[in-house]
Amino acid sequence: MMRKKKRSVDDDSTLDVPKSKKTKSSGRPTKSSLQDSYPDSVFVQFLKESGVTLTAGSTANEIAADQVIFQKRLQQHLRKHPRFPNIIKEFISALETYIEDPERFRNCLLPCVPSSTSQQDTNSGSYQESLVRLLLGIEMLQTQVINTLFEKLPEFMLEGVSEDGLNVPRLIINQLKWLDRIVDGKDLSSKLMQMVSVAPVEIQRDIITSLPEILEDSQHGDMAKELLEQCVLPAVLQASQSRMKSKAMSGSSRVPSCNNGQDSVALVLEVIKSAIRFQKTISEAWLKAIENVDESDDYKVVDLLVLFILHSTNANHSRRGAERVLKVKVRKGLIQENLLQKTFKGHAQVMRGYFPSILALAQGLLRSPDCFVVPFGGHMYKQAFTAFDSYCQQEVVGSLVTHACSGVSGEVDVALELLCELVSQKPAEMSQFTVFVKGILDYMDNLTSQQIRRLFHLLSCLAFGQEQHGGHIQDDMHIVIRKQLSSTVPKYKRIGIIGAVMMVGSMGACRNKPDGSQGGTLPKETHRQVMALLELVRSCSESSPEAAALYYDELANLLQTCKLDPLVQAWIGKSVLEDFQEDFIVDLGPDLSGPFVFPASVMHNLDEDESQGGIAINLLPLMTQDQQLKTDTTQPAGVKKERRVSPLCLSSFFRLLRLCEEVQHQGDLEEIDALLGCPLILTDMEVVEKVESLSKAEREFLCSLLFYTINWFRETVNAFCKQNDPEMKMKVVTRIQNITYLQSLLQTCLAATPGYTPPQANFDGESAEGMIPSSSSALPKKGKKESSGRKRKASASKNTSGDKSQLEGATEAEDSQQDHPEKENEKEKEKDAKSGVSLSSYGPFFRELDVEALSVLQCGLLSRTLLDTELHSKLREEVQLGPAELLFLLEDMWRKLDFSLASAPAKKAPFLKSKTDKAVGFAHLQQKNAKEFATCCIELLPTLCTHLENCHNHFQTLLSEHQGVVDAPGVDVKEQQLMCSAYQLLLQVLHTTFSWAGFSGLEHRALLKSALGVLAGRLKEDETDLTLDQLSRHAFEYLQNFQSTVPSLNTALCLTQLLIVLSQYGGSNHRTYREQITSLARRFLCQEWVTASGEKERGNKYNDALQTLLSIYLEHTDDVLKAVEEIAGEGVPELLNAAKDANSRSWPTLNRQTFLVYYKSMMAELERAVRKIPSSKQTDNQEVQSEKLLTWNLAVRDFHILINLVKMFDSRPVLTVCLKYGRLFLESFLKLGMPLLDYSFKKHKEDVQSLLKTIQLSTRQLHHMCGHSKIRQDTGLTNHVPALKKNLEQFVYRVKAMLTLNHCQEAFWLGNLKNRDLKGEEILSQKSQAVDEEEEESSQVQSEEEESDSDERNNGQEEAEESDESD
């Protein structure tokens, strides 16, 4: 088939070419050689003379010479021709005429073959290039041959593969690949872009994928940018997105079918991928471009696609870079879920090719300990499951199952939550992978109770959901549950109970009512299975009180979270009410005698008018009966035991009863409201006063009785805290008063009962043994819970701070060394004040208070009118939250905040698992996510502010009434302690709330503004629509008002830390905030802190708080060096001149007991400050050098002052601090200070000389400390000596190098330096050793001044590390 030429040839391109030749060339030659057809053709003639013979038909052109020789010959013929350079145009014109025939053109594109005459020539290779490639290798012809090829390409665009399997457009493009040199690369790239814009998809793909092999490396970036921004990508993305929207409207397939838009996107991404693979600079440029975007709106779909491409390459730097950039941008909220969703929705087919990278990135994000990036990994999993095919879905589920079996708590939680979401959203698709999910059952030993609940909820939804997608595993589920329930191992029985109840939730869930269901919504068979399963669990748990209590708790949780079928709900409610009345309630009668451990007595009755004929909780008789059953072993083995009623189940059973009533009566508890005020059958609590005289069994019985009673009251508070009736509210507050009173009795009893293990109260964890302190009779120990603010009534000086200790073990040694008698007296006073223990370590043995119970904080003064027996005389009873009740609720709220908001979601599992499960006692709280609980806390903020203001007013009134003396006569010490603890806990609650990491995310910005608005509204009530900065400033100002009344240093620290957190939300006033925090911290440091009993605050916790507060002051002050000099140069001398127990006059918190705290903080902050001094450069101007030199002079002077203090305070802890931070200071000086001296020596000789002289005095003292440590043979000190001596030696030689650099090396000399102790006395043992074994060197710096020609010598010092071979 002949083609008509589709181009217009320039006039000059056909010069010297006869028309007859052109028309003649349009015919098909019939001979094997074409020379006869073109006798005068320049093209044919030159080719033949150079070594190429053109052939006709399908025969390949022949080459008789080596390819390089052919190119040289042809180039010489053209260059030596008399018509050069016009001969080139004639040659190209003849070429165009020749290739008008498609057959000839194709021959020119195919490789040549060696001619028969050249077969013996060893110079000709086995593979020959095509004629066009040979011509492209000649620089003078290359550009015009390329133009010719691009003009021919459109003629073949619409043709597919020919009959002989050749694709002519692809052959043309292949001619341009891997050329040795491109004469005009810019013109070539322009022509390629023009061709891409008009070519069909297949040719587009060939051109784009060949670009890296056609263009030079330097052009790749520009070409990629042009492809993306100007030509292909924007239009393609818009078109593909519009197609996706139209397909979604028409209900098309999830993954779009192959189309031009998706193909074009894939082509562009393939080009980027090729460029990244071959050029490291390209990948770095992409990463840098994405990193430099600072606004979330500026991120586009392309950015995510490129990150996936970068991760998909094999290069480690690209993979790691993509992971890093993605994490950083997700953490900052710049790449958000909506962009990810948009990318998956619009380009699912393209992203399918990068699925391995998407999966790997999601795995990395989900395993990250950073709570901000974990959710994004979950979104990637969900989007991949939704958008991709079944193979990818299987991989997603398999990866999530791997996470769930990892044993890392946070990772397991997120994986199970994602699987639950996928089951609820895509049940049909997930049912295909049920066998994968079922594999998690093999790893249940490593799962917590909450994770087991989620797992069985997941499997139950698959197996027993309404759509029955996973019906094939129903039998497996039943088998697993029955096996676990029948186990005698408590752990596996617990798993069986949890799993069975979750199955009931799925099988018995309320559904659309079918026909013939007899009032329920379940089919008859399903209803029968649910009833049978409930009976099975009940029968399997009857023999064990712990198992029965767990069953009641799990069923109660199910009622809270799931709407059950009415018939199932009614059956549970009826059986629970009947059993509870039969097991735990008795009618009150006149006779309460019985074989009890203690005399029975009716206690805590809030319904005095119903004392006759009323009801009571039968606690003491049940405990006695339960104790007899435990010791009774006379029952024959073959006799079946009767159902055992244990007081252990009382609280759990009541919780289930209460929730049944709430569900059936829409929150109304009128049917059971008598249980709130009804009394308990206990014993007279006067027995506590003589607890020491009781036997061990009686003391333990009394402790258990108190635990059961307190837990009963805690559950009644949970039940009735939401009731609006004033009388009910009064009873709830009274029950909290009962709890605080009984807890004080319990402390006394526990102190007298060492080794006692309380009855279990939370049944979804491991056995509670090991959760209590090793010695119950010990005073409160240092630990996380206690340091966080548990109430201790022993001493007012022990108000807690909630901050972890930053002092090392040296603190205790220092205290015992300097203050041993006083500490012993303090311990005696604490023991005499009250013999009790802290209940903080017994938290797992108390029933959990619901979040709703915190609403009792909103109760003010409550009252009710009482009628006497004649019904006409009125009395008035008032109830309000006292300090003890307020403290009780605040402690519980703080523990909940610390668990829910302060803990990171993903933490690595420790190597050795601790016995205690930190989640015990927070089962109900775990049903709420962090945002939900934070919202609840923010709703309580107005109430918390009111209580905070009440505490402020209380202490303000106290100070005004007693002229500022807090320990004046007549002050109630116990009340002061409670109010002080409440004040501190209120600030801790606010601090933990506002420190929640979620507030830094954009999605919680509105919640943060509402929280700040509450505080700001207490100060500026009328202002609305404030910005975040304004709200932060007003909240900051509001809390500043409390600084005048904080009663203890720990409370002052809490206030300071809270203000620091609030200042972080005010973006524009950082300097102002820093100044105010510095001023506040200094005020607290310059204040003398006295307890309500008149004693100075002291002890380890006081020292911890003091060190933290001092660090805050030094970190926020503008001039750390000046602040350190002020304390060390003024405060410490005042202390030295004061009496033994006196304080520094200007710094009242500085005394001999707290000197170590001050010393360590000053040394640490000084070392940190010099590390921040900018490094010196030779290019720095004189002013900059002078400023840095002045800074180093101040730092060295401070260092010298601190080092010299060791002469007055030479205790071991002070020496340890000095040796440690002295070495660090020297390291910083060698790294940052000495280069400055190198450049400054000539211009600032006197300053440099003064600086070296000062630091030499310090290094000499450090050397004396090393000798002192060696004499003492104290390993705690000598461990620091080798590294310090190394730095001392480096310092000397570094000074020598500095002098040499400045041509003053003659001013340096070495000598022997004797070893001395702290007092400066020579260490005599050193005289007997050889000099060569212990060479000690000393240096002297000579400052030479050229103007006066006089020499000044600066006595120096050099300390070299001893080489004592005998040691």
Side-chain angles (χ1 to χ4, degrees), residues 577 579-626 645-655 657-658 661 669-688 701-721 723 725 727-746 749 759 846-847 862 864 866-869 875 877 879 885:
L577 183 59
D579 289 346
F580 188 82
Q581 289 177 337
E582 179 183 348
D583 293 345
F584 299 107
I585 297 179
V586 295
D587 294 326
L588 281 177
D591 184 19
L592 290 176
S593 61
F596 307 139
V597 177
F598 297 107
S601 176
V602 178
M603 305 288 292
H604 305 296
N605 187 7
L606 302 185
D607 300 315
E608 297 292 344
D609 53 335
E610 300 178 5
S611 57
Q612 297 297 324
I615 61 172
I617 303 299
N618 193 31
L619 187 54
L620 181 65
L622 277 179
M623 285 186 62
T624 305
Q625 178 185 347
D626 188 61
V645 178
S646 170
L648 201 67
C649 304
L650 172 62
S651 298
S652 300
F653 212 160
F654 172 66
R655 179 177 180 81
L657 172 63
R658 182 258 297 188
E661 291 294 319
L669 299 179
E670 185 178 357
E671 294 287 332
I672 60 170
D673 60 1
L675 295 175
L676 174 59
C678 78
L680 294 87
I681 299 178
L682 304 173
T683 189
D684 195 330
M685 290 304 162
E686 291 181 357
V687 70
V688 175
F701 185 91
L702 182 58
C703 289
S704 297
L705 183 67
L706 288 171
F707 269 107
Y708 285 133
T709 308
I710 291 172
N711 283 327
W712 165 257
F713 286 153
R714 291 172 76 100
E715 277 301 339
T716 57
V717 171
N718 282 339
F720 297 98
C721 63
Q723 301 299 308
D725 180 54
E727 185 172 349
M728 302 293 283
K729 286 185 177 181
M730 288 183 63
K731 290 182 178 180
V732 169
V733 174
T734 306
R735 285 308 185 208
I736 295 179
Q737 292 175 346
N738 297 151
I739 292 173
T740 57
Y741 167 70
L742 291 172
Q743 285 186 167
S744 65
L745 299 180
L746 181 59
C749 294
F846 292 113
R847 294 289 291 179
L862 301 172
R864 67 172 178 172
L866 300 177
L867 301 179
D868 62 8
T869 54
L875 301 174
E877 182 184 13
V879 177
E885 293 73 48

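These numbers were taken from a predicted model, which means no experiment stands behind them.
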Side chains of Asp684 and Phe598, heavy atoms from C-beta outward: is any pair under 4.5 Å? no

If we ignore hydrogens and angles and just use 3.5 Å, is the side chain of Arg735 paired with the main-chain N or O of Leu676 as donor and acceptor? yes

Heavy-atom closest contact (Ala674 atom, Ile615 atom, distance): CB-CD1, 4.4 Å

Can you give me the closest heavy-atom contact between Phe654 and Glu715, atom names plus distance? CE2-O, 3.7 Å

Can you confirm whether the side chains of Thr716 and Arg658 place a donor and an acceptor under 3.5 Å from each other? no

What pair of heavy atoms forms the shortest contact from Leu669 to Ala719, and how long is it? CD1-O, 3.2 Å

Stepwise side chain to side chain donor-acceptor pair (under 3.5 Å) check, Asn711 with Arg714: CA-CA 5 Å; Asn711 283 327; Arg714 291 172 76 100; 4.5 Å; no

In Å, rounded to the nearest 0.5 Å, how long is the span from CG of Leu675 to CZ of Phe720? 6.0 Å

To the nearest 0.5 Å, how far apart are CD1 in Ile681 and CG in Asn618? 4.5 Å

So Val732 and Val717, side-chain contact (heavy atoms from CB on, under 4.5 Å) or not? Walk me through it. CA-CA 6 Å; Val732 169; Val717 171; 4.1 Å; yes

Separation between OG1 of Thr734 and NZ of Lys729, rounded to the nearest 0.5 Å: 14.0 Å

Assess whether side-chain contact (heavy atoms from CB on, under 4.5 Å) is satisfied between Tyr708 and Leu622, documenting all intermediate values. CA-CA 11 Å; Tyr708 285 133; Leu622 277 179; over 6 Å; no

Between Arg847 and Ser652, is there a side-chain heavy-atom distance shorter than 4.5 Å? yes

With heavy-atom distances below 4.5 Å as the criterion, would you say the side chains of Lys731 and Asp607 are in contact? yes

Here the gap from Phe713 atom CZ to Thr740 atom OG1, rounded to the nearest 0.5 Å, amounts to 11.0 Å

Donor-acceptor pair, Thr683 side chain versus Pro599 backbone, under 3.5 Å? yes

One should read off an interatomic distance between Phe580 CZ and Leu650 CG, to the nearest 0.5 angstrom, of 5.5 Å

May I ask you to test the Ile739-Ile710 pair for a side-chain heavy-atom distance under 4.5 Å? yes

Side chains of Leu742 and His604, heavy atoms from C-beta outward: is any pair under 4.5 Å? yes

How long is the span from the SG atom in Cys678 to the CH2 atom in Trp712, to the nearest 0.5 Å? 5.5 Å

